[in-house]
Amino acid sequence: ASWRAGGRRAAFTKGEMARSGRPLRRVFCDVFEFPAYFARERQSKHVVRYLSSCGILMNRTPLLKTPRHCPIQQTNFFNLAGPLINKKKEYSERRVMGFSMLEMYNVVSGVADYKHFVPWCKKSDIISKRSGYAKAQLEIGFPPIVERYTSVVTLVRPHLVKASCTDGRLFNHLETNWRFSPGVPGYPRTCTVDFSISFEFRSLLHSQLATVFFDEVVKQMVAAFERRAKKMYGPETNIPRELMLHEVHQT
C-alpha cells in the first residue's frame with residue numbers, strides 16, 4: 001500500500017496487496033483507520049510520528065500529563081471580604097446629637113420617607129399601620145444585589161424604633177434598633193442616639209458582600225438620619241467638643 005501526500009488518498013492494487021504478504025482484512029483495517037488519524041492530526045499541532053501495521057508513518061496526539069502537585073487558582077466574583085466562617089454580623093453606634101429625642105424619633109419612625117435619604121434604599125412603602133406598629137415594604141440595592149423585603153416596625157414614642165426583616169431572600173436575619181435617651185445636661189435640645197444592627201446572610205456566598213454592606217449602608221446610616229434631621233428641623237444645637245460622644249462597635 002502507498003499513501004499519496006497531495007490528495008491524502010490511499011491507492012491499493014491487487015499486485016501490491018499480493019506482494020505485501022498481509023491479509024486483505026488487515027489492509028482494510030488500516031484504510032478505515034485513516035479518517036480517525038486525519039481528525040487527530042487537525043486537532044493538534046503537537047504530534048508524534050509512529051509506524052502503523054502496514055509500515056506507514058502515522059501521527060498520534062500525545063497524552064497530556066498533569067503534575068501531581070499543581071496548584072489550581074480559582075477566582076470568586078464575590079470574594080470581597082475574604083473567607084467568612086460566621087455569617088452573622090453586628091454593628092452599633094452611640095452618638096450625642098444636637099436634636100431632641102422627639103425630633104430624632106420622628107425622623108427614624110418616618111419609614112415612608114426612607115427612599116429619599118437612607119443609603120441605597122430604592123423603595124419604602126407603608127403596607128399597614130396602627131398605634132405602636134407598622135409594616136413596610138422596603139427595597140435596598142447595592143451592586144450587584146437588589147433585595148426586597150417586608151419590615152415589621154415597633155414604635156415607642158419617643159424612645160424606640162425597632163425594625164425586623166420577615167421575608168427577605170438575601171437575609172436570614174436583619175434587625176435594626178434605634179433608642180433615644182436624654183443628651184447633655186444643660187442642653188435640652190440634645191439627645192443620645194443608640195443605633196444597632198445585626199444581620200445574617202442566607203448563604204456564605206452572599207456573606208462575601210458583608211464588607212460592601214457595612215461600608216456603603218450600615219456605617220453611613222446614622223449620618224444619613226442626622227442630615228435628614230437638619231433638613232427637617234434646621235441647624236442642630238452646638239455642643240462643646242469636650243461633651244461630644246461618638247462610639248462605634250463592630251463584630
Side-chain angles (χ1 to χ4, degrees), residues 87-142 145-183 188-202 206 210 213-214 216-233 236 245-251:
K87 295 184 294 182
K88 188 174 181 179
K89 294 294 178 181
E90 296 180 346
Y91 176 90
S92 63
E93 185 173 347
R94 167 177 280 194
R95 292 184 60 176
V96 172
M97 293 189 176
F99 299 97
S100 67
M101 292 172 56
L102 183 58
E103 288 173 339
M104 289 306 303
Y105 170 85
N106 289 337
V107 173
V108 177
S109 62
V111 180
D113 295 325
Y114 280 11
K115 56 181 173 288
H116 300 304
F117 68 94
V118 173
W120 302 105
C121 183
K122 308 298 182 183
K123 181 180 178 181
S124 56
D125 298 327
I126 299 297
I127 300 175
S128 62
K129 188 175 183 180
R130 63 174 185 266
S131 178
Y133 170 88
K135 182 180 287 188
Q137 193 78 35
L138 299 175
E139 178 180 309
I140 58 172
F142 50 100
I145 296 297
V146 174
E147 166 72 347
R148 300 175 182 86
Y149 62 94
T150 301
S151 182
V152 176
V153 184
T154 302
L155 305 168
V156 181
R157 186 177 184 268
H159 300 284
L160 172 70
V161 178
K162 178 181 178 181
S164 301
C165 169
T166 59
D167 61 354
R169 292 173 297 176
L170 178 64
F171 295 102
N172 187 40
H173 163 79
L174 174 62
E175 182 176 291
T176 59
N177 285 276
W178 294 84
R179 297 182 182 275
F180 311 101
S181 56
R189 191 173 175 255
T190 63
C191 70
T192 300
V193 176
D194 287 280
F195 167 73
S196 64
I197 181 172
S198 63
F199 63 93
E200 181 179 4
F201 288 97
R202 286 192 180 275
H206 288 145
F213 188 67
F214 263 120
E216 300 295 336
V217 181
V218 174
K219 292 182 179 179
Q220 301 181 32
M221 191 73 72
V222 176
F225 281 86
E226 184 180 25
R227 290 192 296 269
R228 182 67 174 179
K230 290 179 182 179
K231 186 175 182 179
M232 292 177 61
Y233 300 107
E236 60 185 316
L245 174 66
H246 189 191
E247 299 176 351
V248 175
H249 301 280
Q250 176 179 329
T251 58

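Heavy-atom contacts from other residues, nucleotides or ligands closer than 6.0 Å to CZ of R94 number 12 or fewer.
Distance check, rounded to the nearest 0.5 Å: CG of N177 to NZ of K162 gives 5.5 Å. The line from CG of N172 to CD of E200 is 4.5 Å long, rounded to the nearest 0.5 Å. In this structure, the separation between SG on C121 and CG on L138 is 5.5 Å, given to the nearest 0.5 Å. A distance of 7.0 Å separates CD1 of I140 from CG of L174, quoted to the nearest 0.5 Å. The CZ atom of R227 lies 7.0 Å from the CD atom of Q220; values are rounded to the nearest 0.5 Å. Remark: S196 OG to H249 NE2 distance equals 11.5 Å, nearest 0.5 Å.
When all heavy atoms of A112 and K115 are compared, the pair lying nearest together is O-NZ, 2.8 Å. Taking both residues in full, the closest heavy atoms of C191 and M101 are given as CB-CG, 3.6 Å, listed atom of the first, atom of the second, then distance. Nearest heavy atom pair, residue S109 against residue L155, reads CB-CD2, 3.9 Å.
Considering D125, T150, D167 as possible partners of Q137, the one that fulfils the side-chain hydrogen bond (donor to acceptor under 3.5 Å, both in side chains) test is T150. Screening T154, V107, V108 against V161 for a side chain to side chain contact (heavy atoms under 4.5 Å, CB included) leaves a single residue, V108. Partner Q250 forms a side chain to side chain contact (heavy atoms under 4.5 Å, CB included) with one of E90, K219, K89 and no other, that one being K219.
The aromatic rings of F180 and W178 lie parallel to each other, their planes meeting at an angle below 30°, with 60° marking the opposite boundary. Using bins of under 30°, 30° to 60° and over 60° for the plane-to-plane angle, the ring pair F171/Y149 lands in the perpendicular bin.
Residues V118 and D113 have side chains not in contact (no heavy-atom distance under 4.5 Å, counting atoms from C-beta outward). At least one side-chain heavy atom of Y133 sits under 4.5 Å from a side-chain heavy atom of S128. For the pair R189 and Y233, the minimum side-chain heavy-atom distance is below 4.5 Å. The shortest distance between side-chain heavy atoms of Y91 and F199 does not fall below 4.5 Å. The closest side-chain heavy-atom distance from V218 to E93 is not below 4.5 Å. Put simply, the side chain of E103 does not reach to within 4.5 Å of the side chain of M232, judged on heavy atoms. Put simply, the side chain of L102 reaches to within 4.5 Å of the side chain of R157, judged on heavy atoms. Within the 4.5 Å cutoff, the side chain of E226 has heavy atoms near those of the M97 side chain.
Between the side chain of S100 and the main chain of T190, no donor-acceptor pair closer than 3.5 Å is present. Judged by distance alone, with hydrogens and angles left aside, the side-chain atoms of S151 form no donor-acceptor pair with the main-chain N or O of A136 at under 3.5 Å.
Taking the six-membered ring for Trp, F99 and Y105 have ring centres at least 6.0 Å apart.
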